[in-house]
There are 2 protein chains.
Amino acid sequence: MKKILLVEDDPNLGLLLQDYLQLKGKFDVVLCKDGDEGLRAFTKQNYDLLILDVMMPKKDGFTLGKEIRKINSYVPIIFATAKGMIEDKMQAFNLGGDDYITKPFRIEELLLRINALLKRTENSEKKEEEKQSHFKVGKYEFDYTGQIISIDGTHQKLSTKEAELLRLLCLRKNEVLTREEALLNIWHDDNYFNGRSMDVFLSKIRKYLKDDPNVEIINVHGRGYKLLIN
Amino acid sequence: MKKILLVEDDPNLGLLLQDYLQLKGKFDVVLCKDGDEGLRAFTKQNYDLLILDVMMPKKDGFTLGKEIRKINSYVPIIFATAKGMIEDKMQAFNLGGDDYITKPFRIEELLLRINALLKRTENSEKKEEEKQSHFKVGKYEFDYTGQIISIDGTHQKLSTKEAELLRLLCLRKNEVLTREEALLNIWHDDNYFNGRSMDVFLSKIRKYLKDDPNVEIINVHGRGYKLLIN
DNA sequence: AACGCCATTTAACAATATTTAACAATTTTA
DNA sequence: TAAAATTGTTAAATATTGTTAAATGGCGTT
């Protein structure tokens, strides 16, 4: 679950937001009532996103944001600022803060901005895993981008669909790759005919892989396939 | 000067915004009064940022945004949406659109969001790439502006379309360049015949590139092409 | 306007990739 | 164990892409 640090001095608004975001947004929300408390909380653990009220008595949200940025330069921040405080908004963006929201705001809008920001930062990290393009399959080398598998010195070109299917199998090697997942991923529709089409490609891939007895694609009846590599 | 494309069906608001942004923001603002006009304007030249009204009679802003995203995946977009249209906002973010603003808005807020977005995208890599004119393609050197590829000492002139297509392939090297994207970018219309025309150019480009075995353009069936460079 | 030159499009046919169909083999269900 | 459902395999049908050549269109020159 995503962790959010909310720093808001108004306890009414703070608690309301905390509840709403926990219930509706399924976030783990820590609420702090001033900047110092917020900074301490931030140093204690990692958060996925921060929501900082700008107008706070002891330490304002921008100051807090600047302090936090010294510690962590990437965590996304949403500043909540009063309407018409244009200069403040300026500051927010100059700080490298990722978004702001004008008070009073609709709570759904906040939720949307949160999700948008999280999404933006998420797939800057996440994509790396899925981006793998080169796989070892027993004695085979499989280059997904180049759509080629090689064994010893010989190469075999793969068609696009063959390569995509083999890639998914590799990503789930020794685990079940669900028929549904494969179909939705590659064909974007898991109807009967696409399923039969996939069976044809599986048959072809098995042929390509027959030269290493330690590599095998087994069927998990009713569920999908496993690429076994010994 | 930064170029902004503003698509807004209400002429009063549209002209007001145009004037304000030109005067105060020092932007070069092109105003279109509906989605079709907007799309045409977009294909004619490059813009640094788009402001799309969501509620428009003929073609709504989201639809337009989606169409534009097919041609250009990085240009920042601000959607202007009516207050409370939460679902629409959702769509905006799911689309990869970079920001939205709720109508009615204060014009200074729009200006702020514009500057923030421009700043964010200014030093993004992708934009730099789009300006790039000189590419290394294996042993080849490709000069897009000069429409020439060279290998060893020999030069080969390229036609305009050949150069444009090769440029797109270079920008997406080792990734898929969608047929649709290429067609919309170069031909501004992805009908069947333009597609066949493109196939002819691809064939020609492959011939030009045949002298380096580490360079290859492979087809991704039903989607597009990948320029592979080892 | 008429000509040649070149870029681009269209047409025609070839080669591949994918889907569908047909039938066999296997696994589950009853 | 028989029937039903799922999967395996091969071949035919369809769709997409590759290649070459001919037709078209733009543009400068005469």
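Scope of the values below: all heavy atoms of this structure, side chains included, with no hydrogens, waters or symmetry mates. Below, chains carry the letters A, B, ... as their sequence lines are ordered, and counting in each starts from 1.
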Closest listed nucleotide, where the reference is the side chain of [X] and the choices are [options]:
| X | options | value |
| --- | --- | --- |
| B:Ser197 | D:dT9, C:dT10, D:dT20 | C:dT10 |
| B:His221 | D:dG18, C:dT9, D:dT16 | D:dT16 |
| B:Ser203 | C:dT8, C:dT18, D:dT19 | D:dT19 |

Output yes when at least one side-chain N/O atom of [X] is less than 4.0 Å from OP1 or OP2 of [N], else no.
| X | N | result |
| --- | --- | --- |
| B:Trp187 | C:dT8 | no |
| B:Tyr225 | D:dG18 | yes |
| B:Ser159 | C:dA7 | no |

What is the distance, rounded to the nearest whole Å, between atom [atom1] of [X] and atom [atom2] of [N]?
| X | N | atom1 | atom2 | answer |
| --- | --- | --- | --- | --- |
| B:Leu202 | C:dT8 | CG | C1' | 15 Å |
| B:Asp190 | D:dT17 | CG | P | 12 Å |
| B:Lys207 | D:dA21 | NZ | P | 8 Å |
| B:Leu165 | D:dG18 | CG | C1' | 14 Å |
| B:Arg179 | D:dG18 | CZ | C1' | 11 Å |
| A:Ile218 | C:dT26 | CD1 | P | 16 Å |
| A:Ile205 | D:dG8 | CD1 | C1' | 14 Å |

Classify the nucleic acid contact of [X] as base, sugar-phosphate or nothing, counting any heavy atom under 4.0 Å across all strands shown.
| X | answer |
| --- | --- |
| A:Arg196 | base |
| A:Tyr192 | nothing |
| B:Asp199 | base |

Does this structure show an ion pair linking B:Arg223 with A:Glu164, if we count only N-O contacts that are shorter than 4.0 Å?
no
Answer yes or no: is there an ion pair linking B:Lys59 with B:Asp36, defined by an N-O contact shorter than 4.0 Å?
yes
Whichever of B:Lys204 and B:Asn219 has its nearest DNA chain D nucleotide further upstream toward 5':
B:Asn219
Would you please classify the geometry between the B:Phe42 ring and the B:Tyr47 ring as parallel, tilted or perpendicular, with 30° and 60° separating the classes?
parallel
Which label fits B:Phe142 and B:Phe135: parallel for a plane angle under 30°, tilted from 30 to 60°, or perpendicular past 60°?
parallel
Heavy-atom donor-acceptor pair, A:Asp212 side chain to A:Lys139 backbone, under 3.5 Å:
yes
